[in-house]
Undergrad: 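Before we start, here is the structure in question, set down as structure tokens.
In each ligand, atom 1 is the first atom listed, and ligand 1 is the first ligand listed. Position 1 is the first residue of the sequence, and the numbers go up from there.
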Amino acid sequence: MNQEQYFRRLPKVDLHLHLAGTLQPRTLLDLARKNGVSLPTRDEDRIYRFRDFYDFLDMLERIARCIVSKGDFARVSYEALRDAGAAGNLRYAEMFFNPQYHYAHGIDYETMVDGYIEGIEAAEREFGVVGRLIPSINRELGPDAAVDMVRDLIENPRDRVIGLGMDCAEYKGKPHLFAEAYRMARRAGLRCTAHVCEDNQTLEQAPPSHVIDCIEILGCDRLDHGYNMLADPAVVGRCRDCGIPCTVCSHTCVASRLRTRWDNISRMHEGGLSLVVCTDDPPMFGTDIGQAYVTVCEELRMSPAEAADLSLAGIDATWLSNDEKRGMRRRFKAEIDVLMAALDSSSEGSARQEASRA
Ligand code: HPA
Ligand code: ZN
């Protein structure tokens, strides 16, 4: 096995994955037809092309309109875990969904959450990939709507719903505005994270100070993205010192932004931040969890042992109990030992293997 195959086959967690962003083009076209939703194109190769971040967010909302019945929700979560398990040996995911996208079309919280849970349970039985859910606030709809949403999930508790997130355009809903929604969630025992400082938004739209607000005002114990904090070394220092994990995503909605993204991830790594490599919206960004690890491990010039540490660090950043983390770490280590043993011992070895295969 060469190094790229090893990166791909490492056991992994993904803690930043939006269910509405996991539909393969074929599934999206299917659900759109079934539910009478019109899409900009029916060409599978063109359906996930975006002008910019805001164009991408519009598409996500349109995708959400295509997921209507409990069975549709179940199909989406089932396929997300099945595909990620096959593409990159995903073992565990904490996945976002936006109840507010679906409320707008008359769907109640129980339909969506129970549909997603049904799909997760089926994928767990068939593929052994475990899933949990994180309802996510659409910050563009403001603080009052966020409080209503959080009330809904508190009134309809489910074991698989373990936290609260927040996404969409940061300048339209700055973190401090959502203090009440987050306070309610924490009081109900939910863990908290938020999208912040994403590098496809400007420093004015998504400034480093928002990271401090997420930690101090919202009580986040994890951050999604975080790249723009690099503009303020004091904020980076604060995150490094408290060890808060950042879920960084190897791919984004516009290909011309990839170089910047990879440079930012490298600088965050060099800055000593605790990183978890994730996918965000894999088919929409033309990637999968295996490719995400290959990309980041190669960019950061990681050795096989360093890549194994990256996969194990993902477990520490999950919201599993300490017992569950210990069990998962044991299983990951056993799998990693087998992979290490099958890895060519030198780059010369991998070159030879490639040559003999050609
Ligand atoms: N950022 C903001 N909103 C989103 C994202 C993201 O990465 N993915 C889905 N909605
Ligand atoms: Zn995201």
Undergrad: Could you verify whether a donor N or O on one side chain and an acceptor N or O on the other, from H195 and H16, lie under 3.5 Å apart?
TA: yes
Undergrad: Nearest heavy atom to atom 1 (N) of ligand 1 wins, so pick from H225, E61, E198, Q201.
TA: E198
Undergrad: Can you tell which part of D224 has a heavy atom less than 4.0 Å from ligand 1: side chain, backbone, both or neither?
TA: neither
Undergrad: Can you tell me if, anywhere in D280, an N/O/S atom lies at a distance from the Zn ion (ligand 2) that is smaller than 2.8 Å?
TA: yes
Undergrad: Between Y6 and D344, do the side chains contain a donor N or O and an acceptor N or O under 3.5 Å apart?
TA: no
Undergrad: Please confirm whether L57 comes under 4.0 Å of ligand 1, counting heavy atoms of the residue only.
TA: yes
Undergrad: Quick one: are M149 and D144 in side-chain contact, heavy atoms under 4.5 Å?
TA: no
Undergrad: Which residue owns the protein heavy atom closest to atom 9 (C) of ligand 1, what's the atom, and how far is it?
TA: L60 CD1, 3.1 Å
Undergrad: Please determine whether H225 has a backbone or side-chain N, O or S atom lying under 2.8 Å from the Zn ion (ligand 2).
TA: no
Undergrad: Mark up the atoms of ligand 1 that fall under 4.0 Å of a heavy atom belonging to D281, in ascending order.
TA: 8 (N), 9 (C)
Undergrad: So that I can tick it off, tell me whether D114 and K70 are bridged by a salt bridge, with the cut-off set at under 4.0 angstrom between side-chain N and carboxylate O.
TA: no
Undergrad: For Y227 and R261, test the side chains for any donor-to-acceptor distance below 3.5 angstrom and give the result as yes or no.
TA: yes
Undergrad: Please report which non-hydrogen protein atom sits nearest to atom 7 (O) of ligand 1, along with the residue it belongs to and the distance in Å to one decimal place.
TA: D280 OD2, 2.7 Å
Undergrad: With ring pair (Phe, Tyr, Trp, His ring centres under 6.0 Å) as the criterion, how do Y78 and F127 come out once you've worked through the C-alpha distance, each side chain's angles and the decisive distance to 0.1 Å?
TA: CA-CA 10 Å; Y78 173 85; F127 314 111; 5.5 Å; yes
Undergrad: Where is the nearest protein heavy atom to atom 6 (C) of ligand 1: which residue, which atom, and how far?
TA: H195 CD2, 3.3 Å
Undergrad: Pick from F96, Y116, F56, Y101: which one makes a ring pair (Phe, Tyr, Trp, His ring centres under 6.0 Å) with H18?
TA: F96
Undergrad: At a 4.0 Å cut-off, with the gap strictly under it, does some heavy atom of F53 reach an atom of ligand 1?
TA: yes
Undergrad: What residue and atom, counting heavy atoms only, is the protein's closest point to atom 3 (N) of ligand 1, and at what distance?
TA: C168 N, 3.0 Å
Undergrad: Considering non-hydrogen atoms of the protein only, which is the closest contact for atom 5 (C) of ligand 1, and what is the distance?
TA: H18 NE2, 3.5 Å
Undergrad: Verify whether one side chain among E79 and T27 offers a donor that lies under 3.5 Å from an acceptor in the other.
TA: yes
Undergrad: Just checking, any donor-acceptor pair under 3.5 angstrom between side chains of D199 and N264?
TA: yes
Undergrad: Is there an N/O/S atom in H195 that lies less than 2.8 Å from the Zn ion (ligand 2)?
TA: yes
